[in-house]
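Read through the structure below, which is laid out as C-alpha cells, and then see the notes.
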Amino acid sequence: MDLFKEMAKAVIEGDEERTVSLAKEALSKGVNPTEAIEKGFAEGMKEIGRQFETLEIYLPQVIISADAMTAGVEVFRQYLLGKEGELPKKTVLLGTIQGDVHDIGKNIVKIMLETNGFKVYDLGRDVPVLDFIEKVKELNPDIVGVSALMTTTMVHMPKLIEALKEEKLREKVKVMVGGAPVLPEWAKKIGADGYGESAMEAVRVAKSLVGLQGEGKGD
Ligand code: HCB
C-alpha cells in the first residue's frame with residue numbers, strides 16, 4: 001500500500017508533521033493501526049538502522065527520525081486507548097533494561113498490550129535490574145516484559161531472571177523478552193517464558209502466558 005511507503009518515507013526523512021498527518025489519514029481510511037505501525041513507520045526505522053550501520057547517516061538524524069516515529073505512533077496510541085473500554089485484568093511490568101535508552105519498540109509493545117486489555121506499568125528505559133525487582137515486589141505483576149536493543153545490554157536479561165530466583169519471585173511472575181538483537185534461542189537459553197519478535201507477537205505471547213485466548217486487537 002502506498003500509504004505505508006509514505007509513512008516509512010516520513011520516518012526516514014524525520015518529518016514529524018508528516019508522520020502525524022499520515023497517521024491521521026490512515027485512521028480516517030480505516031487502516032489497521034498495528035499494521036500501519038509495523039508496515040509503515042517501523043519499516044522506515046529499519047531503513048534508518050541500515051543507513052546508520054553503513055555510516056550513511058549519523059546519530060542526530062537517527063534521533064530526528066525516532067522523534068518523528070514516536071509522534072506518529074502517539075496518534076495511534078490516543079486512538080486505540082479511546083477505544084479501550086474494559087477494565088484491564090492482567091498486568092505487565094515493562095521496561096528497557098539497564099544501560100539501554102532505546103524505547104521506541106518498548107513503547108509500541110506498551111500501546112499494543114494496553115489496547116489488548118493489559119494494565120501496563122512502564123518503568124521507562126535504562127532500568128536497573130534492582131528496580132525491576134523492587135517493582136515486582138511492589139506491584140506483583142503477572143508478566144515482566146523486558147526490552148533490549150543492544151548486544152551489550154541484553155546480557156542483563158539473565159541477571160534479572162537470576163535476581164528473580166534469588167528473591168523467590170520467579171514462580172510468581174512470567175518473563176517475556178524482546179528487542180531487535182534478542183532471538184528465541186536467547187530467550188530459551190536464559191530461561192525466559194516468552195519472546196516477542198514484534199509488538200503483535202508480544203501481545204499473543206503475553207495472552208498465552210496468562211492463559212488468555214484470542215488474537216490481539218488490531219490483527
Ligand atoms: Co541506537 N543503536 N544507539 N539509537 N539505534 C542501534 C540499536 C544499533 C543496532 C545500530 C548499529 O550500530 N547497528 C546499535 C546497537 C549495537 C549493539 O547491539 N551493540 C545502536 C547504538 C550503538 C547506539 C548508541 C550506543 C550510539 C552512540 O551513542 N554512539 C546509543 C545507545 C545509548 C544507550 O542506549 N546507552 C544509541 C542511541 C540511539 C538513539 C537515541 C539515537 C535512538 C533511540 C531513540 C529511542 O529509542 N527513543 C536509536 C535508534 C532509533 C536506533 C535504531 C536505528 C532503531 C531502533 C528502533 O527503534 N527500532 C537501531 C538500529 C536497529 O535496530 N537496526 C540502532 C524500531 C523498533 C520498532 O523495533 O526491535 O525496538 P524494536 O522493537 C520491536 C520488537 O523488537 C519487539 O516489538 C517492537 C515493535 O514491533 N519488542 C519486544 C521490543 N521490545 C520488546 C520487549 C518484549 O518483551 C517483547 C517484544
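Atoms within each ligand, like the ligands themselves, are counted from 1 in listed order. Along the sequence shown, the residues carry numbers beginning at 1.
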>> Could you tell me, atom by atom, which parts of ligand 1 come under 4.0 Å of a heavy atom of R125?
In response: 47 (N)
> Do you see a protein non-hydrogen atom under 4.0 Å from atom 14 (C) of ligand 1?
Replying inline: no
> Would you call E167 and K137 a salt bridge, using N to O less than 4.0 angstrom?
Replying inline: yes
>> Ignoring hydrogens, what is the shortest heavy-atom contact between I64 and G14? Give both atom names and the distance.
In response: CG2-O, 3.5 Å
>> Distance under 4.0 Å to a non-hydrogen atom of D100: what atoms of ligand 1 satisfy this?
In response: 34 (O)
> Do the charged groups of R50 and E56 touch, with an N to O distance under 4.0 Å?
Replying inline: yes
>> Just to be sure I'm reading this right: ignoring hydrogens, which of V182, T151, L149 gets closest to atom 70 (O) of ligand 1? Compare them by their nearest heavy atoms.
In response: L149
> Just which atoms of ligand 1 are under 4.0 Å from any heavy atom in M176?
Replying inline: 88 (O)
> Is the shortest N/O to N/O distance between A180 and ligand 1 below 3.5 Å?
Replying inline: yes
> Please state which protein non-hydrogen atom is closest to atom 63 (N) of ligand 1 and give its distance, to 0.1 Å?
Replying inline: E53 OE2, 3.7 Å
>> Side chain, backbone, both or neither: which applies to V205 and ligand 1 if a contact is any heavy-atom pair less than 4.0 Å apart?
In response: neither
> Between CG of D131 and CG of L93, what distance do you get to the nearest 0.5 Å?
Replying inline: 10.0 Å
>> Distance check, rounded to the nearest 0.5 Å: I108 atom CD1 versus L113 atom CG?
In response: 12.0 Å
> Backbone N or O of A68 within a donor-acceptor pair of the T19 side chain at under 3.5 Å?
Replying inline: yes
> Which bit of D103 is near ligand 1, meaning a heavy atom under 4.0 Å away: side chain, backbone, both or neither?
Replying inline: both
> To the nearest 0.1 Å, how far is atom 56 (C) of ligand 1 from its closest protein heavy atom, and which atom is that?
Replying inline: M45 CG, 3.8 Å
> Would you say the side-chain atoms of Q61 pair up with the backbone N or O of Y58, donor to acceptor, closer than 3.5 Å?
Replying inline: yes
> Given I57, L59, T54, which has its nearest heavy atom closest to atom 26 (C) of ligand 1?
Replying inline: L59
> At a non-hydrogen distance cut-off of under 4.0 Å, which region of V177 contacts ligand 1 (side chain, backbone, both, or neither)?
Replying inline: backbone
>> To check your reading of the model: name the closest protein heavy atom to atom 41 (C) of ligand 1, its residue, and the distance in Å.
In response: I63 CG1, 3.3 Å
> For atom 38 (C) of ligand 1, which protein heavy atom lies nearest, and how many Å away is it?
Replying inline: H102 NE2, 3.5 Å
>> I want to know if ligand 1 touches G99 in the polar sense, i.e. an N/O pair below 3.5 angstrom.
In response: yes
>> Taking a cutoff of less than 4.0 Å between a non-hydrogen atom of the residue and any ligand atom, is P181 in contact with ligand 1?
In response: no
> Are M154 and Y195 grouped together when hydrophobic residues (ILVMFWY) are joined by side-chain heavy atoms under 4.5 angstrom apart?
Replying inline: yes
> So, for atom 24 (C) of ligand 1, does the protein have a heavy atom nearer than 4.0 Å?
Replying inline: no
> Quick one: CG on D193 to NZ on K174, what's the gap to the nearest 0.5 Å?
Replying inline: 5.0 Å
>> I'd like to know if E162 pairs up with K159 as an ion pair, taking the criterion as any Lys NZ or Arg NE/NH1/NH2 lying under 4.0 Å from an Asp or Glu carboxylate oxygen.
In response: no
>> Below 4.0 angstrom, counting only protein heavy atoms, does anything approach atom 86 (C) of ligand 1?
In response: yes
> Is the closest side-chain heavy-atom distance between R77 and N107 below 4.5 Å?
Replying inline: no
> Is D142 salt-bridged to K119, going by a charged N under 4.0 Å from an acidic O?
Replying inline: no
>> Check whether T96 reaches the backbone of V101 with its side chain - one donor and one acceptor, N or O, closer than 3.5 Å.
In response: no
> How does V109 reach ligand 1, by side chain, by backbone, by both or by neither, if only non-hydrogen atoms under 4.0 Å count?
Replying inline: side chain
> For atom 84 (N) of ligand 1, which protein heavy atom lies nearest, and how many Å away is it?
Replying inline: S147 OG, 2.8 Å
> Checking R170 side chain against K165 main chain: does a donor-acceptor pair fall under 3.5 Å?
Replying inline: no
> At a non-hydrogen distance cut-off of under 4.0 Å, which region of E197 contacts ligand 1 (side chain, backbone, both, or neither)?
Replying inline: backbone
>> Please identify which of these residues, E13, E25, E6, meets the salt bridge (Lys or Arg N to Asp or Glu O under 4.0 Å) condition with R18.
In response: E6
>> Are any of the N/O atoms on V101, whether in the backbone or the side chain, positioned under 3.5 angstrom from an N/O atom of ligand 1?
In response: yes
> Nearest 0.5 Å, what's the CE-CD1 distance between M69 and I37?
Replying inline: 7.0 Å
> With backbone taken as N, CA, C and O and side chain as the heavy atoms from C-beta onward, which portion of E38 lies under 4.0 Å from ligand 1: side chain, backbone, both, or neither?
Replying inline: side chain
>> One residue to check: F52. Relative to ligand 1, which of side chain, backbone, both or neither has a non-hydrogen atom less than 4.0 Å away?
In response: side chain
>> Considering non-hydrogen atoms of the protein only, which is the closest contact for atom 16 (C) of ligand 1, and what is the distance?
In response: M150 CG, 4.5 Å
> Within a distance of under 4.0 Å, is there any protein heavy atom near atom 82 (C) of ligand 1?
Replying inline: yes
>> Check this for me - ligand 1, I48, N or O atoms closer than 3.5 angstrom, yes or no?
In response: no
> To which protein heavy atom is atom 61 (C) of ligand 1 closest, and what is the distance rounded to 0.1 Å?
Replying inline: G49 CA, 4.3 Å
> atom 78 (C) of ligand 1: which of G105, G194, A66, A206 has the nearest heavy atom?
Replying inline: G105
>> salt bridge (charged side-chain N to carboxylate O under 4.0 Å, His left out) for K188 and E185? Distances and angles first, verdict last.
In response: CA-CA 5 Å; K188 199 174 165 195; E185 296 77 28; over 6 Å; no
> Would atom 90 (C) of ligand 1 count as contacted, meaning some protein heavy atom under 4.0 Å?
Replying inline: yes
>> Within the 4.5 Å heavy-atom criterion, are F132 and V144 side-chain neighbours or not?
In response: yes
>> To check your reading of the model: name the closest protein heavy atom to atom 79 (C) of ligand 1, its residue, and the distance in Å.
In response: A199 N, 3.6 Å
>> Determine whether a donor-acceptor pair (N or O, by modelled atom type, separation under 3.5 Å) exists between the side chain of D100 and the backbone of M150.
In response: yes
>> Suppose I only count heavy atoms of I108 and a 4.0 Å limit; which atoms of ligand 1 are within that range?
In response: 67 (C)
>> If you measure every N or O of M69 against every N or O of ligand 1, does any of those distances drop under 3.5 Å?
In response: no
> Nearest non-hydrogen atom to atom 50 (C) of ligand 1 belongs to which of V62, N107, I37?
Replying inline: V62
>> Once rounded to the nearest 0.5 Å, what's the spacing between atom CG of N140 and atom OH of Y121?
In response: 9.0 Å
> Which of the numbered atoms in ligand 1 are below 4.0 angstrom from a heavy atom of G196?
Replying inline: 76 (C), 82 (C), 89 (C), 90 (C)
> Within 4.0 Å of atom 59 (C) of ligand 1 (strictly less), any protein heavy atom?
Replying inline: no
